[in-house]
Amino acid sequence: MKSFQIRPLNKDDKTWVASLLTEHWGSVKMVTRGKIYKADELPGFVAVQEGKPAGLLTYQINGKDCEIVTMNSLVENQGIGSALIDAVKSAAVTAGCKRLWLITTNDNTAALRFWQKRGFSLLAIHCNAVEQSRRLKPEIPLSGNDGIPIRDEIELEMTL
């Protein structure tokens, strides 16, 4: 039995969401494929464990596509990330979406493993795309996990 619940974000979550995004992503501003999102204003889901937030996923629906814009699991290896994905998949299907997709960066090898284990396929590598993203969001660091230079956006998708 899981020790957490997943629920949609509500207006009372806005301060926490903004704080978490700023702590983990440098600001509430997210850039994917040259598009800027204010992720604290997007729909999403929160995982709650023992009365406290334990995970967050934000998304944006555009036509038949649903993009996962951010995901953070604050407690690892308990199924929180998988449950957040299940929640957004359900929301996307209900909205008539045919594709669930996301962007991660080349340094995020743990995320590449995580997403592929959950049924996402590598779709494209957008070489040097992070250079353009830094023009829109200068907070993106030059290097990331394991000291790997952050250069490329990697697009993953799942057909719904």
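Note that the structure is a prediction, hence the values are computed from the model and not measured. Positions are given from 1, in the same order as the sequence printed here.
- Of the possible polar contacts, one joining the Asn10 side chain to the Asp12 backbone as a donor-acceptor pair under 3.5 Å is found.
- Taking a 6.0 Å sphere around CD of Glu131, one finds it holds 12 or fewer heavy atoms contributed by other residues, nucleotides or ligands.
- With sequence neighbours excluded, the residues that form a side chain to side chain donor-acceptor pair (under 3.5 Å) with Glu153 are Arg33, Ser133.
- Criterion: ILVMFWY side-chain heavy atoms under 4.5 Å apart, direct or through other members. Under it, Leu42 and Ile103 are not part of a common hydrophobic cluster.
- Taking both residues in full, the closest heavy atoms of Ile61 and Ala91 are given as CD1-O, 4.5 Å, listed atom of the first, atom of the second, then distance.
- Contact detail for Thr70 and Ala39: the closest heavy-atom pair is CG2-CB, 4.0 Å.
- Nearest heavy atoms, Ala47 versus Ile80: CB-CG2, 3.6 Å.
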Exercise. Step by step, work out the side-chain contact (heavy atoms from CB on, under 4.5 Å) result for Leu136 and Lys35.
Key: CA-CA 9 Å; Leu136 301 171; Lys35 183 170 182 165; over 6 Å; no
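- Applying the 6.0 Å contact sphere to CD1 of Ile125 captures no more than 12 heavy atoms from other residues, nucleotides or ligands.
- For residues 83-96, no residue pair satisfies the side-chain hydrogen bond (donor to acceptor under 3.5 Å, both in side chains) rule, not counting sequence neighbours.
- The salt bridge (Lys or Arg N to Asp or Glu O under 4.0 Å) pairs that include a residue from residues 95-115 are Asp65-Arg99, Arg99-Glu155, Arg99-Glu157, where partners are two or more places apart or lie in different chains.
- The CG atom of Asn145 lies 7.0 Å from the OG1 atom of Thr105; values are rounded to the nearest 0.5 Å.
- The two residues Pro53 and Val46 make their nearest non-hydrogen contact at CB-CG2, 4.1 Å.
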In a table with atom names and distances, give each donor-acceptor pair under 3.5 Å that connects a side chain of residues 20-28 to protein atoms at least two apart or in another chain.
residue : atom : partner : partner atom : Å
Thr22   : OG1  : Ala18   : O            : 2.8
Trp25   : NE1  : Asn72   : OD1          : 2.9
Ser27   : OG   : Lys29   : N            : 3.0
Ser27   : OG   : Lys29   : O            : 3.4

Self-check item: Intermediate values then yes/no, side-chain contact (heavy atoms from CB on, under 4.5 Å), Cys66 and Val88
Solution: CA-CA 8 Å; Cys66 178; Val88 75; 3.9 Å; yes
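- Under the ring pair (Phe, Tyr, Trp, His ring centres under 6.0 Å) criterion, Phe114 pairs with no residue, sequence neighbours left out.
- Between Leu9 and Leu56, the closest side-chain pair of non-hydrogen atoms falls below 4.5 Å.
- Listed by chain and number, the residues in a side-chain contact (heavy atoms from CB on, under 4.5 Å) with Gln116 are Leu112, Leu122, Leu156 (sequence neighbours excluded).
- Cluster membership for Met71 and Trp101, using ILVMFWY side-chain heavy atoms within less than 4.5 angstrom, is not shared.
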Self-check item: side-chain contact (heavy atoms from CB on, under 4.5 Å) between Ile154 and Trp115, worked out
Solution: CA-CA 11 Å; Ile154 300 175; Trp115 293 110; over 6 Å; no
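- Evaluation of the side-chain contact (heavy atoms from CB on, under 4.5 Å) rule for Asn128 yields Arg151, Asp152 as partners, not counting sequence neighbours.
- Rounding to the nearest 0.5 angstrom, the gap separating the CD1 atom in Ile140 from the CE atom in Met30 is 9.0 Å.
- Nearest heavy atoms, Gly55 versus Trp16: O-CH2, 3.8 Å.
- Every residue two or more places apart in sequence or in another chain that forms a side chain to side chain donor-acceptor pair (under 3.5 Å) with Lys14 is listed here: Asp40.
- Distance check: Gln60 CD to Thr32 OG1 gives 9.5 Å after rounding to the nearest 0.5 Å.
- Both Phe120 and Leu57 sit in one connected hydrophobic cluster of ILVMFWY residues. Membership requires side-chain heavy atoms under 4.5 Å apart, directly or through other members.
- Leu102 and Ile85 fall within the same hydrophobic cluster, defined by Ile, Leu, Val, Met, Phe, Trp and Tyr side-chain heavy atoms under 4.5 Å apart, directly or through other members.
- Partners of Lys64 according to the side chain to side chain donor-acceptor pair (under 3.5 Å) rule, which considers only residues two or more places apart in sequence or in another chain, do not exist here.
- Each ring-ring contact (aromatic ring centres under 6.0 Å, His included) pair with one or both residues in residues 58-96, not counting sequence neighbours, appears once here: Phe45-Tyr59.
- Here Gln49 pairs with Ser3, Gln78 under the side chain to side chain donor-acceptor pair (under 3.5 Å) rule; sequence neighbours left out.
- Not counting sequence neighbours, Tyr37 has no partner by the ring pair (Phe, Tyr, Trp, His ring centres under 6.0 Å) test.
- For the atom pair Asn62 CG and Cys97 SG, the distance stands at 9.0 Å (nearest 0.5 Å).
- Ile36 and Val17 end up in different hydrophobic clusters when Ile, Leu, Val, Met, Phe, Trp and Tyr side chains are linked at under 4.5 Å.
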